[in-house]
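Comments concern the structure below.
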Protein chains: 2
Amino acid sequence: METLDQVPGRQTAERSMTATELAEQLRTAIVSGELVPNQRLVEADLAAEYGASRGNVRVALSELSVEGLVERVQNRGARVRAVSVDEAVEITEVRAALEGLCARKAAERITEPEIAELQELAVRMKDAVDRGDRESYSEANQALHARIIAISAQQTAAATIQRLRGQAVRFQFRLARQPGRPAVSLPQHLAIIDAVCAHDADAAAEAMRVHLESVADVIRASNT
Amino acid sequence: METLDQVPGRQTAERSMTATELAEQLRTAIVSGELVPNQRLVEADLAAEYGASRGNVRVALSELSVEGLVERVQNRGARVRAVSVDEAVEITEVRAALEGLCARKAAERITEPEIAELQELAVRMKDAVDRGDRESYSEANQALHARIIAISAQQTAAATIQRLRGQAVRFQFRLARQPGRPAVSLPQHLAIIDAVCAHDADAAAEAMRVHLESVADVIRASNT
DNA sequence: CCGGCCGGCATTGCTAACAATCTGATTACT
DNA sequence: AGTAATCAGATTGTTAGCAATGCCGGCCGG
């Protein structure tokens, strides 16, 4: 009953937007980079652009501020939060611990068809590196992490990881562009897959942790 | 309609309350158990009780809902979220991973005076167990976890742990009442302290993880 | 020429009223 | 008597407007 919006992109259905919908749209706009860090988020402007009332904009900004995507200061409005390199490192360290947990649980719970699936991902990654296909490798990389999290069936960890990834997405992006990166991470990914498929929980957790800690090291070194 | 509230306790300065202050008060009310799980949170009632406007109540509830303390359903209002045993187990598992990370970093960064501090905590815990002083033991327990998190200087992990603890606080409480519990957890705590003070990062992380996983096991077994 | 007060503008914070929706019970009909 | 339609009360969702606050530029005094 809503969203007349034939404009591709976001805005301005005729009918007003609920606070949750608005929060969702703003979230994707921020993580996609459409709204850049430190950009001011003026309530009235957002209300006009997205066709929502200011009250809803206010609620949405509050929620995003709790999620860490937006920074609010009293009487001075909201802006897109800029995460520092130090914070990105911390976030990646936390992800290392959390995805390590997921790898552990995945190793305990994985079924035969899922093992086949992961091993096919391993093949795809090797091929991509052989062909120098960075795009394809990055895709498989994301798929691997997502699958392991899904297999772990640890929803609390999954939710936390997703929230943190939203904050650090800019750095993930930079990382994918590093030239020699796939050659370094491929063996780590293969080790993770091997351990999970072998039901070796400890090894899986450790392999995943080491992998993401190495990502943290790269971020640490990326800027001074 | 109720509680004209000149009751001593939290509320109602003359001036109305900002949304953030209100969220803070509601948060403590929930984690302290003043507001019980599944209790309805009617916007108008809260506004009257805390002397805030309904708009602020609404914003505060949205924030708490993002934090996972409150559950909101469309057009049906908000209530204090009841976390299931399964969720409490998941939360404890995540804490195991995160506090493991903190223990690791603490072991890397700990200084001499901090080592002395932790070792004094170890003495206090042993004494408390010897004397059967459950209260004192529980206190030292909390202090230990807090100190290690502080020493780690991992703010992202610290914030995440705190948020999760807020959700599972009810189960923590139950746990402290278990009769034979201190005898089991004391050696685990001592192992953590030893590893951290010895700058053995791997051992510290593993000891902390094992400790909290054992807590998760107790919760798992607590109810069917 | 420079530095501190002052007033207007932009923006947020807040309030009160209105509209939409849900719940539960009463009533009418088979 | 049982079931379905309906209506009243309560509660949430939304909107518009008002008050408060901070920022910026001009004006006055030194």
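In the text below, chain A, chain B and the rest are named by the order of the sequence lines, each starting its count at 1.
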Measure from [atom1] on [X] to [atom2] on [N] and round the result to the nearest Å.
| X | N | atom1 | atom2 | result |
| --- | --- | --- | --- | --- |
| B:Glu43 | C:dA17 | CD | P | 17 Å |
| B:Asp45 | D:dT12 | CG | P | 8 Å |
| B:Glu21 | C:dG13 | CD | P | 13 Å |
| B:Arg40 | C:dG24 | CZ | C1' | 12 Å |
| A:Arg79 | D:dG22 | CZ | C1' | 13 Å |
| A:Leu61 | C:dT12 | CG | P | 9 Å |
| A:Asn56 | C:dT12 | CG | C1' | 16 Å |
| B:Arg54 | D:dT14 | CZ | P | 11 Å |

What pairs with [X] under salt bridge (charged side-chain N to carboxylate O under 4.0 Å, His left out), at least two apart in sequence or on another chain?
| X | result |
| --- | --- |
| A:Arg147 | A:Glu117 |
| B:Asp133 | B:Arg131 |
| B:Glu139 | none |
| A:Arg81 | A:Glu87 |

(message) Does D:dT15 have its OP1 or OP2 closer than 4.0 Å to a side-chain nitrogen or oxygen of B:Arg58?
(response)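 B:Arg58 to D:dT15 OP1/OP2: no side-chain N or O under 4.0 Å.
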
(message) Please confirm whether the shortest side-chain N or O distance from A:Arg72 to OP1 or OP2 of C:dG13 is below 4.0 Å.
(response) yes

(request) Hey, could you give me each pair passing ring pair (Phe, Tyr, Trp, His ring centres under 6.0 Å) that has a residue in residues 143-165 of chain B? Not counting sequence neighbours. (result) B:His145-B:His189, B:His145-B:His211

(message) Using a heavy-atom cut-off of 4.0 Å across all strands, would you classify B:Leu41 as base, sugar-phosphate, or nothing?
(response) sugar-phosphate

(request) Answer yes or no: are there more than 12 heavy-atom neighbours, outside A:Glu24 itself, under 6.0 Å from its atom CD? (result)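 Yes, because the 6.0 Å sphere around CD of A:Glu24 holds more than 12 heavy atoms from other groups.
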
(message) With a 4.5 Å cut-off on side-chain heavy atoms, are A:Val36 and A:Val80 touching?
(response)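 Not in contact.
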
Identify the pairs formed between an N or O of the protein and an N or O of nucleotides 21-23 of chain C at a distance under 3.5 Å, and give each distance.
residue	atom	partner	partner atom	Å
C:dT21	O3'	B:Asn75	ND2	3.2
C:dT23	OP1	B:Arg76	NE	3.0
C:dT23	OP1	B:Arg76	NH1	2.9

